[in-house]
Asks: 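First, the structure itself, so that you have it in front of you.
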Amino acid sequence: MIIVVGSLNMDLVVRSPRLPRPGETLSGGPFVTYPGGKGANQAVAAARMGARTAMIGRVGADGFGQMLRLSAETDDVNVEHVLSTPGLSTGVALITVEVGGQNTIVIAPGANAALMPEDVDAVAPLIAVARVLLLQLEVPLPTVVRAAAIAHAAGATVILNPAPAPVGRLPAELLAHVDYLIPNESEAAVFLDESSGVPPEVLARAVSAVCGVPNVIITLGAGGVAMFGPDGVTLLPAFSVDAVDTTAAGDAFVGGFAVALSEGLSPTEALRWGCAAGALAATRPGAQSSLPTRDEVLGLLQLGD
Ligand code: RIB
């Protein structure tokens, strides 16, 4: 089973000819809402790729919260432990997507910020039976630390996607419980004093050394992926696709990687699953709306063989 402790957001999206400059107003396309949030996206990604998946998080006692629970449930994510939080709004993300597929995102965390270590303690027996625990940084850090500690003690594989990029260094008590750290390039840079011009494989090795995490995977979008682990460096190219919206492509990567690992595939094979899932997600608009099925991922993997 894959367990996700993390965020649920309603994404409020507008497409724009380009990203606005500070102080600038642009006229964009129609306004659209999509279920999102890095935690929920990774849970839905894992479930669509065939894993038994449960989500632990918080939404507000409002319409967006109901919609997010329902849509994750429709994708076979167990949402029994997505709690309703009176007095707080459901998390929202304000997203602008430009024609090339790049985006900017600002989050109002709302109920995500109320997910406490005690909430995780309450479901410790469930976390303890996970094969893989997926974590991100859109819920409070003490909650992430507690979940990682419970899963690590129970022998689960702990994957941390440090997004959004942490402000300052992550606590050693968290990193000690992490088996795989999966930042993108800008998130990876936060872990080092100086990283400009450093090749990704060197960056992955340096982040592993600084953090003491055995496996570091740096996602590079159209540049593929670089992993440093006990067997050294692995570099994989991206699948070539026409990107329309990169929102949740990183979440799809994490979900695909986790599903493959949970099925006993090698880390290198799991990287390919992640790359295929991420590439497919970039070809469609929205967050959870863009996440691929298992058949789609297997199809792209076969094409790449
Ligand atoms: O990773 C993409 C996600 O980041 C969006 O769905 C948005 O909700 C933010 O959490």
Side-chain angles (χ1 to χ4, degrees), residues 4-16 19-20 22 26 28 31-45 55-69 71-72 77 79 82-85 87-98 101-116 119 134-145 147 160-168 170 174 182-190 219 221 245-255 281-282 285-291:
V4 183
V5 174
S7 60
L8 303 95
N9 294 328
M10 186 58 83
D11 291 354
L12 314 182
V13 183
V14 63
R15 294 190 76 92
S16 174
L19 299 178
L26 290 175
F31 167 65
V32 194
T33 60
Y34 297 106
K38 294 183 194 304
N41 294 347
Q42 292 177 20
V44 168
M55 171 90 206
I56 293 154
R58 278 191 177 272
V59 291
D62 52 22
F64 279 168
Q66 281 176 7
M67 286 157 77
L68 292 177
R69 291 178 101 253
S71 76
V77 175
V79 293
V82 174
L83 305 172
S84 180
T85 317
L88 286 175
S89 59
T90 294
V92 297
L94 305 180
I95 303 182
T96 307
V97 183
E98 54 89 39
Q102 296 302 317
N103 61 28
T104 59
I105 304 181
V106 178
I107 291 161
N112 293 307
L115 188 72
M116 292 294 129
D119 295 326
L134 292 180
L135 298 165
Q136 318 76 31
L137 298 178
E138 284 186 342
V139 296
L141 199 50
T143 307
V144 174
V145 175
L160 173 62
N161 171 219
V167 180
L170 289 175
L174 169 60
I182 311 186
N184 64 21
E185 245 176 323
S186 62
E187 290 150 4
V190 169
T219 56
D245 182 354
T246 57
T247 309
D251 299 325
F253 176 92
V254 173
Q288 286 164 37
S289 51
S290 74
L291 299 170

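Note that this is a predicted model, so its numbers are computed, not measured.
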Asks: Return the minimal non-hydrogen interatomic distance between S7 and K38, and the atom names on each side.
Replies: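 So the minimum-distance heavy-atom pair works out to OG-N, 3.2 Å.
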Asks: At what distance, to the nearest 0.5 angstrom, does CG of L141 lie from CG of L170?
Replies: 6.0 Å
Asks: For D245 and T247, indicate whether the former's side chain and the latter's backbone hold a donor-acceptor pair under 3.5 Å.
Replies: yes
Asks: Is any side-chain heavy atom of V82 closer than 4.5 Å to a side-chain heavy atom of M55?
Replies: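 Counting from C-beta outward, V82 and M55 do come under 4.5 Å.
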Asks: Compare every heavy atom of V144 with every heavy atom of Q136, then report the nearest pair and how far apart it is.
Replies: O-CG2, 3.5 Å
Asks: Check whether T90 reaches the backbone of G60 with its side chain - one donor and one acceptor, N or O, closer than 3.5 Å.
Replies: yes
Asks: Quick one: pull up CG in L83 and CE in M116 and give me the separation to the nearest 0.5 Å.
Replies: 12.0 Å
Asks: Taking E187 for its side chain and N184 for its backbone only, find out whether a donor-acceptor pair lies under 3.5 Å.
Replies: yes
Asks: Where is the tightest heavy-atom contact between A113 and P140, given as atom of each residue plus distance?
Replies: O-CG, 3.3 Å
Asks: Which distance, rounded to the nearest 0.5 Å, do you find between the CG of L26 and the OG1 of T96?
Replies: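 Result: 8.5 Å between the selected atoms.
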Asks: Write down the atom of Y34, the atom of P285, and the distance for their closest heavy-atom approach.
Replies: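 Nearest heavy atoms, Y34 then P285: OH-CB, 3.6 Å.
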Asks: Ignoring hydrogens and geometry, is there a side-chain-to-backbone donor-acceptor pair from R58 to T85 under 3.5 Å?
Replies: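 Side chain of R58 to backbone of T85: no pair is present.
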Asks: Within this structure, what is the CG-CD1 distance for the pair D119 and I56, rounded to the nearest 0.5 Å?
Replies: 9.5 Å
Asks: Can you name the nearest heavy-atom pair linking A287 to P35, along with the distance?
Replies: CB-O, 3.5 Å
Asks: Under the 3.5 angstrom rule, does the side chain of D251 hit a backbone N or O of Q42 as a donor-acceptor pair?
Replies: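 Answer holds: no.
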Asks: Could you grab the distance from atom CE of M10 to atom OG of S89, nearest 0.5 Å is fine?
Replies: 12.0 Å
Asks: For the side chain of N9 and the backbone of D11, is there at least one donor-acceptor N/O pair under 3.5 Å apart?
Replies: no
Asks: Find the distance between CG (L12) and CD1 (I95) and round it off to the nearest 0.5 Å.
Replies: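 That separation rounds to 8.0 Å.
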Asks: Do V5 and L115 have side-chain heavy atoms sitting under 4.5 Å apart?
Replies: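 Result yes, sub-4.5 Å side-chain heavy-atom pair found.
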Asks: Might you point out which heavy atoms bring L137 and P162 nearest each other, and give the distance in Å?
Replies: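 It is CD1-CA, 3.6 Å.
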